[in-house]
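For the numbers below, each heavy atom of this structure counts, side chains included, while hydrogens, waters and symmetry mates do not.
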Amino acid sequence: MVTAEPSIFSRIIAGEIPADIVYDGERLIAFRDINPQAPLHLLVVPKTDRYRDVVELAAGDPELLAELVATARLLAEQHGDGDFRLVFNTGAGAGQTVFHAHAHVLSTAGRGGLEEGTLVD
Ligand code: 5GP
């Protein structure tokens, strides 16, 4: 049987590798992206590794996706000015590198506008 390696996010959730965690809930965790593309760049991640991307998450657990969006908003308010861009890279061709569903929360935190094309090559 081929067993997939745990994703880097599963290892963060398990506490095996460190991260700057800003939210730790029952079903979601959020931490700062290691390579920020905006003054505020958080990743909001379901704790389950069941869903590879947002399409699978939406189909498999729409309530968890809605909770993820609400958490993104809460964190954008707590860490920024409340305005944010929510990005779900879906598929390698779109820039997805970690195949464990997650959202990028990007915000200038009140310091001007986000550049167009953030997270898109
Ligand atoms: P994707 O490209 O899959 O949409 O997003 C993956 C994100 O995870 C990237 O923005 C990348 O910088 C971030 N990332 C990759 N490895 C780590 C890590 O070990 N720690 C943290 N905090 N972020 C990571």
Side-chain angles (χ1 to χ4, degrees):
M1 194 179 109
V2 179
T3 313
E5 289 284 310
S7 73
I8 193 93
F9 295 164
S10 290
R11 298 188 62 201
I12 289 172
I13 291 160
E16 290 171 12
I17 54 173
D20 188 351
I21 294 168
V22 296
Y23 177 85
D24 191 0
E26 198 180 319
R27 299 217 289 163
L28 295 166
I29 193 167
F31 45 86
R32 291 184 194 279
D33 196 292
I34 205 167
N35 182 24
Q37 305 294 311
L40 179 69
H41 186 169
L42 305 176
L43 300 170
V44 186
V45 185
K47 288 189 171 176
T48 176
D49 63 1
R50 213 168 147 168
Y51 309 111
R52 291 171 52 82
D53 58 41
V54 68
V55 175
E56 288 193 2
L57 175 60
D61 195 340
E63 281 184 14
L64 183 55
L65 175 58
E67 192 181 326
L68 183 155
V69 173
T71 302
R73 190 189 74 147
L74 179 78
L75 293 170
E77 283 171 353
Q78 286 177 346
H79 295 272
D81 63 359
D83 290 346
F84 62 104
R85 180 176 294 171
L86 198 57
V87 172
F88 296 92
N89 294 326
T90 307
Q96 187 176 3
T97 57
V98 179
F99 292 86
H100 178 141
H102 60 278
H104 298 257
V105 178
L106 298 150
S107 167
T108 61
R111 284 179 264 158
L114 281 172
E115 284 178 30
E116 286 302 321
T118 305
L119 293 179
V120 178
D121 289 333

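Arg27 meets the side-chain hydrogen bond (donor to acceptor under 3.5 Å, both in side chains) test with Asp61; sequence neighbours excluded. A search for side-chain hydrogen bond (donor to acceptor under 3.5 Å, both in side chains) contacts involving Asn35 returns nothing, not counting sequence neighbours. Listed by chain and residue number, nothing satisfies the side-chain hydrogen bond (donor to acceptor under 3.5 Å, both in side chains) test with Thr108 (two or more places apart in sequence, or in another chain). Listed by chain and number, the residues in a side-chain hydrogen bond (donor to acceptor under 3.5 Å, both in side chains) with Glu26 amount to none (sequence neighbours excluded). A search for ring-ring contact (aromatic ring centres under 6.0 Å, His included) contacts involving Phe88 returns nothing, not counting sequence neighbours. Listed by chain and number, the residues in a side-chain contact (heavy atoms from CB on, under 4.5 Å) with Pro6 are Ser10, Arg11 (sequence neighbours excluded).
Shown here for Ser107 and Ala38, the closest heavy-atom pair between the two residues is O-CB, 3.8 Å. When all heavy atoms are compared, the tightest approach of His100 to Ser7 is ND1-OG, 2.9 Å.
Applying the salt bridge (charged side-chain N to carboxylate O under 4.0 Å, His left out) test to residues at least two apart or on different chains, none of the pairs has a partner in residues 87-101. Contacts classified as salt bridge (charged side-chain N to carboxylate O under 4.0 Å, His left out) and involving residues 36-48 (residues at least two apart or in different chains) are given here: Asp24-Lys47.
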Anything under 3.5 Å between a donor and an acceptor, one on a side chain of residues 49-57, the other on a protein residue two or more places apart or in another chain? List them.
residue	atom	partner	partner atom	Å
Asp53	OD1	Val55	N	3.0
Asp53	OD1	Glu56	N	3.0
Glu56	OE1	Arg52	N	3.0

Counting only pairs under 3.5 Å, give me each side-chain donor-acceptor contact of residues 63-81, with atom names and distances, residues two or more places apart or in other chains.
residue	atom	partner	partner atom	Å
Thr71	OG1	Glu67	O	2.8
Asp81	OD1	Asp83	N	3.0
Asp81	OD2	Gly110	N	3.3

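Hydrophobic cluster membership for Val45: Ile8, Phe9, Ile12, Ile13, Ile17, Ile21, Ile29, Phe31, Leu43, Val98 (Ile, Leu, Val, Met, Phe, Trp, Tyr linked by side-chain heavy atoms under 4.5 Å, directly or transitively).
Separation of atoms CG (Leu106) and CG (Leu40) is listed at 8.0 Å; rounding is to 0.5 Å.
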Task: Stepwise side-chain contact (heavy atoms from CB on, under 4.5 Å) test for Leu42 and Asp33 - done: CA-CA 5 Å; Leu42 305 176; Asp33 196 292; over 6 Å; no
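Proximity of Tyr23 to Leu28: side-chain heavy atoms (C-beta onward) are separated by under 4.5 Å at one or more points.
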